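Per chain, numbering begins at 1; letters A, B, ... match sequence-line order. Computed from a predicted model, the values in this text were never measured in an experiment.
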Amino acid sequence: MKYFLIGAGICRENELQDLALPPAWRKATRNMVMATTSVQRALSFLPEGISRQEIALVVGSNSGELETSVDFLVTLANTGVARPLLFQNSLHNATTGFIAIQCGLNGPTFSVSNHLRTPQDSIDLGYDLLASGAAKLVLVTLVEGHRKISERFGVEVAEGAVTALLCRNDDHGSYELSMQWAGEYQQQASSQPLVDITQSPFFEFVSQWLNKK
Amino acid sequence: MSVVWLTGLGTISPLGTSLESLWSACRSNQSGIVEGLGRVPKYAPQYTNNRALDFSLISAREALAQAQWNSLGQETGLIVATTTGYFLEWHSSLISNYSGSESLEDFRTKFSNQPLGKLTEELAQQLGVGGPTMLLTSACSAATQAIALAALWISQGRVKKCLVVGVEVLCDLTMDGFKSLQLLSPQTARPFDQNRTGINLSEGAGALCLEACESSHPNGLAAVSGFGVTTDAFHMTGPAPGGDGSRRAMERALRGANLAPKDIAWIHAHGTGSMANDLSEGQAIASLFGESRPWVSSTKWIHGHALAASGAIETALVVKAMSENLLLHTRGLENPDPAIQLNHPGQDLELSKGHVLKNTLGFGGTNASLILSHRKSVAQ
């Protein structure tokens, strides 16, 4: 079985302040904004004639909605008030749900969080879905946002989101991929358990591919 | 063609530390819900004081013993489903650090448990799993997705055997969070009842052993014949009107199993007892199954809603029932909601052949459906 990259998108944390967000995104978390922006950029490569039901979405994250979870818990501890929007957005798969809504993706969606293996595991799941015929195309997105904790720790750990749009055949003039290109996150002792997404093979590969486009 | 068999089951739940205790309580109409919550009652940790890991190991070892898997090498995979993971190991420390009563160094030590995947790593290491691992965290559909993915791995030849563990622990985040969404009921949940008042959060773990066999398996309890995964893309916490996403998941599962709606004898629903879920899921079932009218039930009155673990615990209970040639009725259902047109069994009934559909619906609009085939009805 061969797999191909036909589109990709990246959103770096330092873009957030300059993004013009739609009104529907006004309560979105930083993870949601970065991830959805990267998905929309990848979808700009979408060939004609593919329905959104035929596209699967896999979202991988080591930290998940960590910042929102911290907000929810600290607010609860300080005020005794559990804020429903914070809770709803703190769920690990909240970003997946947000992307699906904003991009109209109602096929299979999965949320993966397997620590340092998250990048390759997310790609492997994408490959599995293509091989089984569960989807014609798969969007595989990685997202990491953790500024509140990294600042508390006094470390700098880059944040961002990256998406690869994959297919199973070469109908679309695509780039053939190897099986293990996404690699693992690297763990720095000084910043653990946070991971730098921009140092991952997944992010670097997609970045280089986009630079050549 | 190989069949993917379920050969081992294990659970820890508010009804006790084994599937047998859950089954016994179910059959004697005993609920494990106390004041609206399903806590695993006081027990002595068997392997570790880390609650999530201990739950996982207890249920996994029960399943492995039944499946008679003595070694788990490179041909065995592990898929974990959870939303809370090791949350209990770090969240108090976070609050203490933010309030100034705990040092940053101590907080950082405990916070190293935050990534969900730490659970998978530790579980794989303790059980000796040498094959691929995965952790899915798709809310209440996570474990059902995990079972589907395990079946996919086996049918694609990625592994020969796969252990699925769904685990969840009760914690402030989920209890206060669900309360803020006004979804909790102080009484025991009454799925599909016109007087239902909400859900009961619970905790626990379910473990399932899956393996392929060319034909009938001597230890085969039931087979995984198909699955469907879809997304509502409608709302972050509320289901789509009419249950469109759930309906499409069930359709996909039926197509994958080469079955028609009339081939389903029993649907074990997600059936949480919430107004919105039960109505939406009920409408989806009614619209798809129409005249077929399979029996439909939920068992959450017994064990509550264990979020990401619910698909694992409930599938284990369903397969146990199938192995006993039974289907289970909905405990707690006294006055079926007339707005939900389903066929509710009034008591446990015989089920000695046929196919069962298991549903889950989760936050984020995730829907997952499994087709489980009675061992006498497995296509070979």
Side-chain angles (χ1 to χ4, degrees), chain A residues 52-53 56-57 61-64 66 69-70 72-74 76-78 81-98 100-118 121 124-125 128-129 131-132 134 149 152-154 192-195, chain B residues 80 83 85 91 94-95 97-99 104 107-108 111-118 120-121 132-139 142 145 149 152-153 155-156 158 172-174 176-182 227-237 240 244-245 248 252 256 362-366:
Chain A
R52 298 293 165 109
Q53 271 198 27
L57 171 67
S61 179
N62 174 63
S63 298
L66 173 57
S69 299
V70 170
F72 176 84
L73 292 167
V74 172
L76 179 61
N78 289 344
V81 175
R83 292 177 55 193
L85 181 61
L86 283 181
F87 171 65
Q88 146 183 321
N89 284 350
S90 73
L91 300 172
H92 221 286
N93 76 322
T95 297
T96 312
F98 186 82
I101 293 169
Q102 300 308 320
C103 300
L105 298 168
N106 59 6
T109 63
F110 290 80
S111 300
V112 174
S113 184
N114 207 16
H115 199 205
L116 303 181
R117 290 191 178 87
T118 298
D121 280 359
D124 285 346
L125 179 50
D128 288 338
L129 294 171
S132 70
I149 292 291
R152 196 159 191 88
F153 288 177
Q192 69 159 333
L194 309 178
V195 295
Chain B
V80 175
T83 63
H91 98 280
L94 174 99
I95 302 304
N97 175 257
Y98 269 72
S99 71
L104 185 63
F107 167 50
R108 288 192 69 164
F111 191 70
S112 65
N113 290 301
Q114 188 270 340
L116 294 179
K118 290 274 196 157
T120 317
E121 291 169 356
T133 68
M134 171 69 79
L135 189 146
L136 297 177
T137 183
S138 309
Q145 288 188 346
L149 183 59
L152 199 58
W153 278 7
S155 62
Q156 290 178 340
R158 190 164 178 207
D172 292 345
L173 180 67
T174 52
D176 287 303
F178 273 82
K179 195 172 169 186
S180 74
L181 294 174
Q182 300 181 331
F227 68 87
V229 175
T230 62
T231 311
D232 288 354
F234 172 73
H235 190 273
M236 296 292 281
T237 53
D244 172 68
R248 287 185 292 106
R252 282 190 181 225
F363 279 2
T366 66

What part of [X] gets within 4.5 angstrom of chain B, counting heavy atoms only: side chain, backbone, both, or neither?
{"X": "Thr96(A)", "value": "neither"}
{"X": "Phe153(A)", "value": "both"}
{"X": "Asn78(A)", "value": "neither"}
{"X": "Leu105(A)", "value": "backbone"}
{"X": "Leu57(A)", "value": "neither"}
{"X": "Thr118(A)", "value": "neither"}
{"X": "Gln53(A)", "value": "both"}

Output yes when a side-chain donor or acceptor of [X] lies under 3.5 Å from a complementary backbone atom of [Y], and no otherwise.
{"X": "Asp121(A)", "Y": "Met134(B)", "value": "no"}
{"X": "Arg52(A)", "Y": "Cys103(A)", "value": "yes"}
{"X": "Thr231(B)", "Y": "Gly107(A)", "value": "yes"}
{"X": "Gln145(B)", "Y": "Thr109(A)", "value": "yes"}
{"X": "His115(A)", "Y": "Arg117(A)", "value": "no"}
{"X": "Arg158(B)", "Y": "Pro132(B)", "value": "no"}
{"X": "Asn62(A)", "Y": "Pro193(A)", "value": "yes"}

Interface moiety of [X] toward chain A, non-hydrogen atoms closer than 4.5 Å:
{"X": "Phe227(B)", "result": "neither"}
{"X": "Thr83(B)", "result": "neither"}
{"X": "Thr133(B)", "result": "both"}
{"X": "Gln182(B)", "result": "neither"}
{"X": "Asn113(B)", "result": "neither"}
{"X": "Leu104(B)", "result": "side chain"}
{"X": "Leu136(B)", "result": "both"}
{"X": "Phe363(B)", "result": "both"}
{"X": "Ile95(B)", "result": "side chain"}

Set out, in order, the CA-CA distance, both residues' side-chain angles and the distance that settles side-chain contact (heavy atoms from CB on, under 4.5 Å) for Leu135(B) and Val112(A), then state yes or no. CA-CA 6 Å; Leu135(B) 189 146; Val112(A) 174; over 6 Å; no
Give the member of [options] that has the highest number of heavy-atom pairs under 4.5 Å with chain B.
{"options": "Ser90(A), Ala77(A), Ala100(A)", "answer": "Ala100(A)"}
{"options": "Leu73(A), Asp124(A), Leu129(A), Val70(A)", "answer": "Leu73(A)"}
{"options": "Ser111(A), Ala94(A), Ser63(A), Gly97(A)", "answer": "Ser111(A)"}

Are a donor atom and an acceptor atom from the side chains of Gln192(A) and Ser112(B) found within less than 3.5 Å of each other? no
Among [options], which has the most heavy-atom pairs under 4.5 Å with chain A?
{"options": "Gly256(B), Gly364(B), Gly365(B), Ala233(B)", "result": "Ala233(B)"}
{"options": "Lys179(B), Glu121(B), Arg248(B)", "result": "Arg248(B)"}
{"options": "Thr137(B), Leu116(B), Thr174(B)", "result": "Thr137(B)"}
{"options": "Leu152(B), Val80(B), Leu173(B), Leu94(B)", "result": "Leu173(B)"}

For the residue pair Arg152(A) and Phe111(B), would you count it as a cation-pi contact if the rule is NZ or CZ under 6.0 angstrom from the ring centre and within 45 degrees of the ring axis? no
Just wondering, more than 12 heavy atoms not from Arg83(A) lying within 6.0 Å of its CZ? no
Is there side-chain contact between Pro108(A) and Arg252(B), with heavy atoms separated by less than 4.5 Å? yes
Do the side chains of Ser61(A) and Ser113(A) get nearer than 4.5 Å, heavy atoms only? no
Test side-chain contact (heavy atoms from CB on, under 4.5 Å) on Asp232(B) and Asp244(B) and set out the steps. CA-CA 7 Å; Asp232(B) 288 354; Asp244(B) 172 68; over 6 Å; no
